[in-house]
Amino acid sequence: MATRRYWLVKSEPGTYSIDDLERDGTTCWEGVRNYQARNFLREMKVGDRLLFYHSNAAPPAIVGLAEVVREAYPDHFAWDVKSPYYDPRSTKDAPVWFMVDVGFVERFARPLPLPELREDPALEGMELLRRGSRLSVQPVSKEHFDHILKLARQRS
DNA sequence: GCCAACGTTGGC
DNA sequence: GCCAACGTTGGC
C-alpha cells in the first residue's frame, strides 16, 4: 500500500468554508484553474489528508482537516458556459481541468492563524508561508503536517 | 481598498 | 523565445 500523502487546499470561506464541508460531509473540489495545482490534484489518492485553509479571511487560517474520497476526474464545470469556471479549452474528449472529491474529517477547535504559523520555526520552508505563494493546492511534508495537527490540539 | 507577486497571453 | 501588458490571488 502506498504511503498516505498530505496536502493543503485553500478556499475562501465566503465561497466554501469548513463549516460548509462539515454540513455537506463530502464535496467535489471544482474550479482549480492552475496547471501546477491541477497536477497535484491528479496525484492525490483516496485517504490522503488535506489541511483546509481559509484564504481571504481575517485572519487567514488553517481551520480543519479533510480527506480525499475520490481520485481525480474531469471537472465538468469547465464545460458549463454559465459557470464561473467555464473554460472552452477543456472538452469532454480532452479534459484540461480535473477535480477530486473530499470528505470532512474535523474542524479544529483552535484555528491556526497565518501570522502564528509564520512565527513557528518548525514550519520553516512550508509552501504556504513562502512570500507571494498563491498555489491553491500544495503538498505538505509529513513533518509539517504532524506539527500542525499537534498545534491544533494544544490548549491555548 | 491597496498593491506585491505571480501566471498567462500575445505581439514581435 | 523574449518580454510587456494584463488579470488574478490573497495578505495586509
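Lettering of chains follows the sequences in order, A, B, ..., and the numbering in each one begins at 1.
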Quick check: on DNA chain B, is the nucleotide nearest A:R130 upstream (toward 5') of the one nearest A:N56, or the reverse? Name the residue that is more 5'. A:N56
Touch check for A:R33, heavy atoms < 4.0 angstrom, all strands: base, sugar-phosphate only, or nothing? nothing
Could you tell me if A:E127 and A:S133 have a donor-acceptor pair between their side chains, going purely by distance under 3.5 Å? yes
In the hydrophobic clustering (ILVMFWY, side-chain contacts below 4.5 Å, transitive), which residues join A:Y86, or is it alone? A:V81
Could you work out, with side-chain contact (heavy atoms from CB on, under 4.5 Å) as the rule, every residue matching A:A37, not counting sequence neighbours? A:V32, A:N34, A:L135, A:S136, A:V137
Report which part of the nucleic acid A:R89 touches: base, sugar-phosphate, or nothing (heavy-atom distance under 4.0 Å, all strands). sugar-phosphate
The first and last nucleotides of DNA chain C lying within contact of chain A, meaning any atom under 4.0 Å from one of its heavy atoms, run from C:dG7 to C:dC12
Using a 6.0 Å distance limit plus a 45 degree cone around the ring axis, check whether A:R42 lies over the aromatic ring of A:F98. yes
Does the ring of A:Y73 carry A:R70 above it, NZ/CZ under 6.0 angstrom from centre and within 45° of its axis? yes
